Peer 1: 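Below you'll find the structure I mean.
Computed from a prediction, not measured in an experiment: that's the story for all the values here.
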Amino acid sequence: MRQKELRLALVSTGGISLAVYMHGVTKELWHLSRASCAVHAKGPPMVTPKPGIEDVWMRLLDTIHAQRGQRLRVLVDILSGASAGGINAVFLAQALVTGQSLEPLTRLWLARADSDVLLDPDARPWGRFAKFWAQPLVWAVLRWPALRRSGGELAQEVGPETRGEVRRKVSRLIRARWFAPPFSGIGFSRLLAEALDAMARSGNAAPLLPPGHPIDLMVTATDFAGHPAPLRLNSPPVVEENEHRLAIGFRAEARAHTGEGLAPVPELVMAARATASFPGAFPPLTLAEIDMLAAERGEAWPSRSAFLQRIMPQRWRRGTLDQAALVDGAVLVNRPFAPAMAALGSRPSRREVDRRFVYLDPAPHAPAQGPQPAAPVGFLSAIFGALSTIPREQPIRDNLEALERQSRERLRLRAIVDSLQGEIEDTVARLFGHTLFFDWPNPKRLIGWRARAQQAAAQQAGYAFHGYAQVKLAGIVGDLAELITQALPADDNAGVEEALWHHLAQQGLDNLSARGGGATSPAIAFFRAHDLSFRIRRLKLLARRLTTDWDEAAEIAPAAREAARDVVYRAQALYQARASLHGLGPGFAASAAVVREDPGAVLAAIAARRDLARLDDEVDGMFVHALGAMDKALRRRFLHAYLGFPFYDVATLPLFQGDGLGEFDPVKVDRISPEDATAIRDGGTRACLKGIAFTHFGAFFSRAWRENDYLWGRLNGAERLIDMVCSTLDVPLDPALVDGFKRDAFLAILDEEEPRLRAERGLVPGIRGEVEARFATGEPGFHHPPTPSSEEEGVGVVLEFTRP
């Protein structure tokens, strides 16, 4: 049975009170992850699926298995966020790595994400008549188009009870203290800690990721005063520039039933509080606030020093941590694609992977429909736009265009590889055509055949081999330098690559080509000890042959091809496990510390810890065992592709500056937004969400608005995730069947939420009526829409690249 992983990297933007909508989306990601774990459990499921929506997700995955012969697993393993998106990324990451429930978080969002709760006690108006003269300002705010939700007067959008609640809370906020943040910083930190505690009380089930699989979380913050960062120039050699961007990252590996979270509570609170410290609404976060929180909770924080040194190394070195004032991450980086991209390099591949970047944006900036009268930009509008609106709405075009350029290069590489295939296969066939025992490989023979193929490729390349070897060496040294740098303190990592190059030149590796052709003896020894990328590239080419190129080969049984693919992916995972710093085992930091004094010792330590020669023997044994079970046609194709890889690598690696045959599968970008989820209601964000009122602060003023946005988050999330799951199939499911699953998901969500969402009684019945009107009734899972679907497609950029 063909196995495939749909891996999701979630990138979440800022949105202030639209954080409630984002929570609805992330909750649906959590439900899908739980259902996927239950479907793929080999024994009794570690995760017990909840009746309702998780039943729908399990039926969808089972249907894909039954109708398309594909076992699909869905993983969320990279999360990146800013501001409101950063908060939700923190909580979802904690749930994924521990198996804790997001249900307590829902209750807290709906009950406590309220302006009256967030308001600093010292900022509250002291009485009914405090600042009575500000009452006209309250009415002006409620009616000012720039602060209202687009589309009509406030009175036309909500019922009388909600309208009165909003007016009272806006009044209290405006009559609170001025020229100081109205919301409490320490109060916000306490709420975040309370939410993490509530999740912990739900119990640790099992991680929603395979054992040992990494999860990466990155949130952005802004260092208000900035910190000096070195910048290397020609003259002078080093200058200092002020850096305001701050990334707070966490990495963990899934470990069953350990009870360990992603990080200690003070660190997660600090990340969430810093990334969502909206200027003017909350005071900047200081380290003293987190220390106060830890003291109040009586909580030990033994990793405090290591954590602060890691996230703010320059301030740590200069002793200015106490002076740091952190504000909202969306000020400078509201769409943090780059941190998510940086996490791709170390992901293990145990089977075929469909990688998606899921871009969560509840309120994409879009002009109003129809012609709009031109109007000059006013004084206040220009200031407000420059300080807040424009930076927060800046699109991700730069990131996507960079990835698209890499995608075009990947397509060129694929075309080159395809054009070389016939000639290389003929060359390999001539090279091994009369080889005795070629159909009876054993580990010793396989080692000899690999060496013979590599020598032949080098000799046939002629003088071009030297350029290939130099590019290969540069890539290896760059990877080693990055690995060593990760093990060093963040403020002590300069000059690592220069030290390695100096050492290698002394070892004679400034000349890589032997006169008779091929590599010199020192070069061969170095490549055998350190060229991990070559081994991974070779297996990725073989996996592509088994997945795509031989899919229609009539003489190869599908089951045999799947068994061969499985052993290739297992071998690839063994090598990839050695690529990361974690793969070097404990204690490497002490070895790395002497890199400038004795780089040779550090390289020897890496070679010993990776032990690639022993790993090669293990993989050869796996392949020989698998080859023995193959029929002759598949065995010959497998061996020819495996042994022919050096010919491809010599031809392609210099063309792409060392990237080579790293990754063939595209990386796709999908968006989740009300603008893209129109199966229930047309009109997008303006037609569905209430929290966009008052420049996205609206949901803080009404529980009814929070319930509305949370519910639409779950509904939109389910719709778009069904689209993504189905789009990973080579042969699509029947559109009517997909629509049936959407209808079942919508109704399951509405049934689950109806007892809880009571602030506006018509909310759930009204949306249920819209669902029934859009979809005709039929058998479960086989519902038909009355008219052809008019759903809009979200962003669907297809991208290919080998490294971030």
Peer 1: Quick check against the 3.5 Å criterion: does R720 have a side-chain atom that pairs as donor or acceptor with the backbone of R671?
Peer 2: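 Side chain of R720 to backbone of R671: a pair is present.
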
Peer 1: Any donor-acceptor pair under 3.5 Å linking the side chain of R71 with the backbone of Q3?
Peer 2: no

Peer 1: Between atom CG of L32 and atom SG of C37, what is the distance when rounded to the nearest 0.5 Å?
Peer 2: 9.5 Å

Peer 1: Quick one, L615 and R610 - any side-chain contact, counting heavy atoms below 4.5 Å?
Peer 2: no

Peer 1: Given R430 and D426, is the salt bridge (charged side-chain N to carboxylate O under 4.0 Å, His left out) satisfied, shown in steps?
Peer 2: CA-CA 6 Å; R430 288 194 301 270; D426 290 344; 5.2 Å; no

Peer 1: Please examine the side chains of L542 and R538, heavy atoms only from C-beta on, and report whether any two atoms are closer than 4.5 Å.
Peer 2: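 No, every pair of side-chain atoms sits at 4.5 Å or beyond.
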
Peer 1: From R355 CZ over to L75 CG, what is the distance, rounded to the nearest 0.5 angstrom?
Peer 2: 8.5 Å

Peer 1: Parallel, tilted or perpendicular for H530 and F526, by the 30°/60° rule?
Peer 2: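 Because their plane-to-plane angle lies in the 30° to 60° range, the rings of H530 and F526 count as tilted.
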
Peer 1: Answer yes or no: is there an ion pair linking D631 with R637, defined by an N-O contact shorter than 4.0 Å?
Peer 2: no

Peer 1: Taking only residues at least two apart or on different chains, which pairs with a member in residues 615-624 satisfy side-chain hydrogen bond (donor to acceptor under 3.5 Å, both in side chains)?
Peer 2: R450-D620, R535-D616, Y575-D616, R614-E618

Peer 1: Could you check K4 against Q70 for side chain to side chain contact (heavy atoms under 4.5 Å, CB included), going step by step and ending with a plain yes or no?
Peer 2: CA-CA 7 Å; K4 191 174 186 179; Q70 183 168 302; 3.4 Å; yes

Peer 1: Return the CG to OG1 distance between L509 and T520, rounded to the nearest 0.5 Å.
Peer 2: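 OG1 of T520 is found 6.5 Å from CG of L509.
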
Peer 1: Stepwise, does the side chain to side chain contact (heavy atoms under 4.5 Å, CB included) test hold for V74 with L721?
Peer 2: CA-CA 10 Å; V74 183; L721 288 172; over 6 Å; no

Peer 1: What closest approach, in Å, do A343 and R251 show between heavy atoms, and which atom pair accounts for it?
Peer 2: O-NH2, 4.4 Å

Peer 1: Return the minimal non-hydrogen interatomic distance between L61 and S36, and the atom names on each side.
Peer 2: CD1-CA, 3.7 Å

Peer 1: Is the ring pair F623/F638 parallel, tilted or perpendicular, if the boundaries are 30 and 60 degrees?
Peer 2: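 If you compare the ring of F623 with that of F638, the planes turn out perpendicular.
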
Peer 1: Output, in order, the C-alpha distance, side-chain angles, deciding distance and verdict of ring pair (Phe, Tyr, Trp, His ring centres under 6.0 Å) for F357 and F337.
Peer 2: CA-CA 9 Å; F357 274 59; F337 256 76; 5.6 Å; yes

Peer 1: Check whether any side-chain heavy atom of S727 lies under 4.5 Å from a side-chain heavy atom of R356, and answer yes or no.
Peer 2: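 When only atoms from C-beta onward are counted, R356 and S727 do touch, with a gap below 4.5 Å.
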
Peer 1: Any heavy-atom pair between the side chains of T26 and V76 that's under 4.5 Å?
Peer 2: no

Peer 1: Do the side chains of E5 and Y569 get nearer than 4.5 Å, heavy atoms only?
Peer 2: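 No, too far: nothing below the 4.5 Å cut-off.
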
Peer 1: Do you know the tightest heavy-atom contact between P654 and Y468?
Peer 2: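 What the structure gives for the nearest pair is CG-CA, 3.8 Å.
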
Peer 1: Do E253 and L209 come within less than 4.5 Å of each other through their side chains, counting heavy atoms only?
Peer 2: no

Peer 1: Starting at CD of E482, measure out to OG1 of T485 and round the result to the nearest 0.5 Å.
Peer 2: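 The OG1 atom of T485 is 7.5 Å from CD of E482, to the nearest 0.5 Å.
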
Peer 1: Does atom CZ of R452 have more than 12 heavy-atom neighbours from other groups under 6.0 Å away?
Peer 2: yes

Peer 1: So that I know where these two stand, are W449 and F438 an aromatic pair - ring centroids less than 6.0 Å apart?
Peer 2: yes

Peer 1: Give a yes or no answer on whether the side chain of K472 reaches the backbone of D649 with a donor-acceptor pair at less than 3.5 Å.
Peer 2: no

Peer 1: Going from CG on L473 to CZ on F527, what distance comes out if it is rounded to the nearest 0.5 angstrom?
Peer 2: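 Nearest 0.5 Å value for the CG-CZ distance: 5.5 Å.
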
Peer 1: Give me the atom names and distance for the closest heavy-atom approach of A571 to V619.
Peer 2: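 That would be CB-CG1, 3.9 Å.
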
Peer 1: Does L60 reach the side chain of L733, with side-chain heavy atoms less than 4.5 Å apart?
Peer 2: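 Side-chain contact under 4.5 Å: yes.
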
Peer 1: Begin from the C-alpha positions of K668 and D354 and carry the test salt bridge (charged side-chain N to carboxylate O under 4.0 Å, His left out) through to its verdict.
Peer 2: CA-CA 8 Å; K668 304 183 180 76; D354 183 352; 3.6 Å; yes

Peer 1: Does D723 form a side chain to side chain contact (heavy atoms under 4.5 Å, CB included) with D670? I'd like the steps, not just the answer.
Peer 2: CA-CA 10 Å; D723 290 337; D670 298 288; over 6 Å; no

Peer 1: Before giving the answer on salt bridge (charged side-chain N to carboxylate O under 4.0 Å, His left out), spell out for D611 and R578 the whole-Å C-alpha distance, their side-chain angles and the decisive distance to 0.1 Å.
Peer 2: CA-CA 9 Å; D611 197 3; R578 300 293 199 279; over 6 Å; no

Peer 1: Under 3.5 Å, is there a donor-acceptor pair linking the side chains of R445 and T435?
Peer 2: no

Peer 1: When you look at H466 and Q470, which way does the side chain to side chain contact (heavy atoms under 4.5 Å, CB included) test go after all the steps?
Peer 2: CA-CA 6 Å; H466 185 73; Q470 289 291 349; 3.4 Å; yes

Peer 1: Look only at the side chain of S12 and the backbone of G81, and say whether a donor-acceptor pair between them is shorter than 3.5 Å.
Peer 2: no

Peer 1: Is the Y648 to F645 ring centre distance short of 6.0 Å?
Peer 2: no

Peer 1: Just verifying a value: how many Å separate I476 CD1 and L603 CG, rounded to the nearest 0.5 Å?
Peer 2: 11.0 Å

Peer 1: L79 and A89: which non-hydrogen atoms are nearest, and at how many Å?
Peer 2: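 Answer, listing the atom of L79 first, then A89: CD2-O, 3.9 Å.
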
Peer 1: Given side chains that start at C-beta, do those of I64 and V725 come closer than 4.5 Å, heavy atoms only?
Peer 2: yes

Peer 1: Sequence neighbours left out, what passes side chain to side chain contact (heavy atoms under 4.5 Å, CB included) with A252? Give chain and number order.
Peer 2: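 Listed in chain order: V97, I215, L262.
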
Peer 1: Do you know the tightest heavy-atom contact between V428 and G644?
Peer 2: CG2-CA, 3.6 Å

Peer 1: Between D730 and R68 (salt bridge meaning N to carboxylate O under 4.0 Å), is one present in this structure?
Peer 2: no

Peer 1: Is the backbone of M630 close enough, under 3.5 Å, to the side chain of R635 for a donor and an acceptor to pair up by distance?
Peer 2: yes

Peer 1: Can you tell me if Q507 has over 12 outside heavy atoms packed within less than 6.0 Å of its CD?
Peer 2: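 Yes, the 6.0 Å shell around CD holds more than 12 heavy atoms from other groups.
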
